[in-house]
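Right, one structure below, let's go through it.
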Amino acid sequence: VAAVNADGTGAYTSGQSATPFGAVTQFKVTMSGGTTALSAADKTAGDAFAVRVTAQDDDGLTNTDYTGDVSLTSNSFSGTVTASIASGGLVDSISVTPTVAGASRTISASAGSVTSANASGNFTVTPAEAAAVGVTTEPVGGAPGGVLATQPVVAVIDDYGNTVAGSSASVVASIASGSNGTLGGTTTVTASSGVATFTDLTLDGDQGETYTLSFASGDLTSATSASL
């Protein structure tokens, strides 16, 4: 039986025990096909990539006798991905699809009593292309004809709800529903780091009438506010 170091180099010599590796105490998640860290290149939300899962002892040696299912969870995707190690202490080509953008994304691996909370090391997931706008701070009405008590904040987002920080799109506010209403103030705002913050919107209309606001930006899917 042969054991290898975490970097793939051999660690067994003829004078050693037939099983130089110890019991499995951790799992390592790397890019599929080798030992390249996930941090070597940014990932993009919605784009699948393949990983390798390796069963290791305390010294980082691969336990080549290990077989079994390993559960992968992450702060970059929802749910659990199962990696089945059939032989050799490792399995390749496990597909994962990140959907949550941000730095310090990690993949954890566990099986039985063995849990590696950060088996992958930190990596970065960038947002996908802008697809829609979303209301992140709902508007709250003020006095008739006066400025809104709470001004809306709208983000340019991808298909997974991630703010596209590189966007400087213009977001236009208008009345989506409600009779005889007039929306005033600065109704077109340019997003900064993907976020459009309205500051002086006013709403005048019939007393007792309920209104909603619409936010649009070019071809992106629009958003409608809660009632105010």
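When reading the values below, keep in mind they use all heavy atoms of this one structure, side chains included, and skip hydrogens, waters and symmetry mates.
Ser32 and Asp92 form a side-chain donor-acceptor contact under 3.5 Å, judged by distance and modelled atom types alone.
Within the 4.5 Å cutoff, side-chain heavy atoms of Leu72 are placed close to those of Val53. Two residues are said to be in side-chain contact when any heavy atoms from C-beta on lie closer than 4.5 Å; Asp42 and Phe123 fail this criterion. Between Leu213 and Thr224, every side-chain heavy-atom pair lies at or beyond the 4.5 Å cut-off.
Taking CG of Leu90 as the start and NZ of Lys28 as the end, the distance is 14.0 Å to the nearest 0.5 Å. Between atom CG of residue Asp69 and atom OG1 of residue Thr80 there is a gap of 12.0 Å, rounded to the nearest 0.5 Å.
Ring geometry for Tyr66 versus Phe27: interplanar angle over 60°, hence perpendicular rather than tilted (30 to 60°).
For the side chain to side chain contact (heavy atoms under 4.5 Å, CB included) with Arg105, the qualifying choice from Asn122, Thr124, Val100 is Val100, the only one to do so.
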(request) Start with the C-alpha distance between Thr73 and Ile107, add both sets of side-chain angles, then the distance that settles side-chain contact (heavy atoms from CB on, under 4.5 Å), and finish with yes or no. (result) CA-CA 6 Å; Thr73 57; Ile107 296 177; over 6 Å; no

(request) Apply side-chain hydrogen bond (donor to acceptor under 3.5 Å, both in side chains) to Ser74 and Ser76, showing your working. (result) CA-CA 5 Å; Ser74 177; Ser76 69; 2.6 Å; yes

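No more than 12 heavy atoms of other residues, nucleotides or ligands sit less than 6.0 Å from atom CD of Glu129.
Residues Val24 and Ala55 approach most closely at CG2-CB, 3.8 Å, considering heavy atoms. Across Ala191 and Val156, no two heavy atoms sit closer than the pair CB-CG2, 4.3 Å.
A side-chain donor-acceptor contact under 3.5 Å links Ser217 to the backbone of Ser170.
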